[in-house]
There are 2 protein chains.
Amino acid sequence: MRYFVALAETLHFGHAAARMNMSQPPFSRQIAGIEKALGVRLFERNSRHVALTPAGRHFLGDCRKTLAAFEAACRDAQLVASGVKGELRLGFTMYAAQSVIPRLVRRYAEIRPDVHLILEERIPTEIDEMLLEGRLDAAVNFATGDNPHLKTASLGRDRLQLVVPADHRLAGEEAVGPQQMEGERLIAAPAAVAPTLRSAIAIYFAAGGVVPFFGFEPRLQQTIVQLVAEGLGIALVPQSISAQLPAGTVSRPLIDAPEFDVVLCAPAASKSPTVPSLFEVAMMA
Amino acid sequence: MRYFVALAETLHFGHAAARMNMSQPPFSRQIAGIEKALGVRLFERNSRHVALTPAGRHFLGDCRKTLAAFEAACRDAQLVASGVKGELRLGFTMYAAQSVIPRLVRRYAEIRPDVHLILEERIPTEIDEMLLEGRLDAAVNFATGDNPHLKTASLGRDRLQLVVPADHRLAGEEAVGPQQMEGERLIAAPAAVAPTLRSAIAIYFAAGGVVPFFGFEPRLQQTIVQLVAEGLGIALVPQSISAQLPAGTVSRPLIDAPEFDVVLCAPAASKSPTVPSLFEVAMMA
DNA sequence: TCCATTCGATACCCCAGAGGTATTGATCAT
DNA sequence: ATGATCAATACCTCTGGGGTATCGAATGGA
């Protein structure tokens, strides 16, 4: 096809052959071969003049399109392999949506404008599942501590904080410990949804020798604080949630507050070419 | 590329090779060759499982597009060569635009819907020029009689007719001959524009022994009858023009009226694949 | 745990076909 | 008429695509 285009552009077998870095005789044969294969005369020629037939003229346009598609295919394959182009399915928790996701996504989109980011908001446990099943390339989640199938990069550390109704007896305390919360109804996400936070809470109370009483178990931290605002209980939620506490609630620091990492994670065996630069962005920020 | 698509679709070297009518070992080598040429790993594979890499997935889509473009190019080349698809630059006179062109074009478009008709309205002499220079594939024109470089097919015969102002002295005549028009100002297209009609008129008068007096020389028959309507003279115009005579004019038959052919013509050496079926349509109608 | 089976990779061979050189034949300008 | 130009042809070479035989790794059943 390149041969054909070269000849169609030069209308001279010798020159076209030279452009293709070959000698004229085999070039002539190639053109004849194309015409024979198609069963169509593409050039009107005698030993002096070469001209395109109507079919050849039409074929020239089609060849250019085909060659362009071919070049693009090769180029794009390399770009996708290098991670410059392609897609990245990024999972994240609602918690992350409010804290680290916006900046992370913005920075990544700046250095990789041709990567199509597919953002999937899910609950923490579902994110891990999807990562391991390959339905996500990477995700922002609470650190699970030790999963050999995942590689992680810390995006920052956060701590739990007490949130109580404004008129609650603990609202006036400077800092609160486990014992002071004894008997209170604790609103928290179930372990099946946010194991990291749930176990952090459990350990915190266990360390204080208190058996926590959990009631209501919504999935989102945002819902939890709404229920607190309604006076349905108290909650231990990430500090960065406090930025948007509903009216009628106050937050108090915890004594020896449990801390946890927010991490970017991806399958350890991930070969998604777009993931490494996401980790780079994460480490830089 | 076909090999790649086959493997991407089957994800099995043996089956893909079978689909390509070849054995597995050379097929494997081809795939490896593609990956090496691109410098990109397209399949993640061990001796048990074959899977597309992200780059391979993207490449698959591009390959399908490229192959489709290639198939279309080959198919279209054959269609264009056979005259089923392509373009046809058809010249015609304003006279023809009113008479034979609409039906001819309509019938042709019915049997050749994929041929792009480029209609070019020109004066008769210019049409001949353009045909010989190859700027038109075919044209509807007045018969010139004998041009060895053109092949023609008659589209019908027409005759000249007298058109005079409604209040003209000849308006009441049953039929009119040359002598009766002696001294009248004749409005006609110049020989440089419409030689066939002009010479037909000249011969008609010469046969009657009358020397015609030409005044005004518009290019279009339609303009000629408009000038007659304004009382600026009389004219001999094709009968089929009479269908749309302007108000204030009447037409009268001529005694021994000059006749002429309206023909479809194309360069005798024309290799435009779309032209033959236009001639077929013309002959049928 | 071991063996049979499956499947992709490798080794080696063969030949079609792409490319090279020399030459012919046709066309055009002088 | 003659030389120059240019595509086509003849003939040769050798790369590379395709074939067969085989290996080696992974899997599943006994």
Side-chain angles (χ1 to χ4, degrees), chain A residues 1-53 55-57 59-60 63 66-67 70 74 133-134 149 267-269 271, chain B residues 1-53 55-57 59-60 63 66-67 70 74 132-134 149 268-269 271:
Chain A
M1 263 193 166
R2 286 181 212 290
Y3 295 170
F4 169 78
V5 172
L7 181 56
E9 285 175 353
T10 61
L11 294 179
H12 187 293
F13 278 76
H15 299 166
R19 184 192 288 191
M20 292 294 104
N21 301 312
M22 61 193 288
S23 59
Q24 172 261 319
F27 182 85
S28 287
R29 273 195 324 237
Q30 287 302 321
I31 297 296
I34 295 173
E35 290 183 327
K36 200 164 133 196
L38 288 176
V40 170
R41 193 153 191 79
L42 299 172
F43 294 97
E44 211 57 64
R45 56 188 180 278
N46 53 38
S47 38
R48 213 63 195 172
H49 292 110
V50 179
L52 279 167
T53 61
R57 219 169 356 259
F59 192 57
L60 176 58
C63 279
T66 304
L67 288 174
F70 178 76
C74 296
E133 286 170 10
H149 298 102
K271 292 193 176 155
Chain B
M1 262 193 166
R2 284 182 213 290
Y3 295 170
F4 169 79
V5 172
L7 181 55
E9 285 177 352
T10 61
L11 293 178
H12 187 292
F13 278 76
H15 299 166
R19 184 192 289 191
M20 292 294 104
N21 300 313
M22 61 193 287
S23 60
Q24 173 261 319
F27 182 86
S28 287
R29 273 197 325 237
Q30 288 300 323
I31 296 296
I34 295 173
E35 291 183 327
K36 199 164 134 195
L38 289 176
V40 170
R41 193 151 191 80
L42 298 172
F43 294 97
E44 210 59 63
R45 55 188 181 277
N46 53 36
S47 40
R48 213 62 197 176
H49 292 110
V50 179
L52 280 167
T53 62
R57 219 169 357 258
F59 192 58
L60 175 58
C63 279
T66 304
L67 289 173
F70 178 76
C74 296
L132 297 178
E133 287 171 9
H149 297 103
K271 292 192 176 155

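Order of the sequence lines fixes the chain letters, A, B, ..., with proteins taken first and strands second; residue numbering starts at 1 for each chain. Computed from heavy atoms alone, side chains included, the values below leave out hydrogens, waters and symmetry copies.
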Atom [atom1] of [X] to atom [atom2] of [N]: distance rounded to whole Å?
X: A/Glu44; N: C/dA26; atom1: CD; atom2: P; value: 18 Å
X: B/Lys36; N: D/dG16; atom1: NZ; atom2: C1'; value: 12 Å
X: B/Asn46; N: D/dA26; atom1: CG; atom2: P; value: 7 Å
X: B/Met22; N: C/dA16; atom1: CE; atom2: C1'; value: 14 Å
X: B/Phe27; N: C/dT10; atom1: CZ; atom2: P; value: 16 Å
X: A/Arg48; N: D/dA4; atom1: CZ; atom2: P; value: 12 Å
X: B/Phe43; N: C/dA9; atom1: CZ; atom2: P; value: 11 Å
X: B/His15; N: C/dC7; atom1: NE2; atom2: C1'; value: 10 Å

- Item | Residue whose nearest DNA chain D nucleotide is more 5′ - A/Pro26 or B/Asn21 |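 The residue closer to the strand's 5' end, by nearest nucleotide, is A/Pro26.
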- Query: Pick the nucleotide of DNA chain D nearest each of B/Arg29 and A/Arg29; which residue has the one closer to the 5' end?
  - Reply: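 So the residue in question is A/Arg29.
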- Query: CZ/A/Arg45 to CG/A/Leu11 distance, rounded to the nearest 0.5 angstrom?
  - Reply: 11.5 Å
- Task: Spell out, as yes or no, whether a donor-acceptor pair under 3.5 Å connects the side chain of B/Thr53 to the backbone of B/Arg41.
- Result: yes
- Just by modelled atom types, is the B/Phe43 backbone N or O under 3.5 Å from a matching donor or acceptor in the B/Glu35 side chain?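 Confirmed, B/Glu35 side chain pairs with B/Phe43 backbone.
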Check whether any side-chain N or O of [X] sits under 4.0 Å from OP1 or OP2 of [N], and answer yes or no.
X: A/Ser28; N: D/dA7; answer: no
X: B/His49; N: D/dA26; answer: no
X: A/Ser23; N: C/dG20; answer: yes
X: B/Gln30; N: D/dG18; answer: yes

- Report the nucleotide, chosen from C/dG8, D/dC6, D/dC11, that has the shortest atom-to-atom distance to any side-chain atom of A/His12. D/dC6
- Counting heavy atoms not belonging to B/Phe70, are there more than 12 under 6.0 Å from its CZ?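 Open: at most 12 neighbouring heavy atoms sit under 6.0 Å from CZ of B/Phe70.
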- Message: Over 60° means perpendicular and under 30° means parallel, so tell me whether B/Phe13 and B/Phe27 are parallel, tilted or perpendicular.
- Response: perpendicular
- Task: Tell me which of A/Pro25 and B/Phe13 sits closer to the 5' end of DNA chain C, going by the nucleotide each one is nearest to.
- Result: B/Phe13
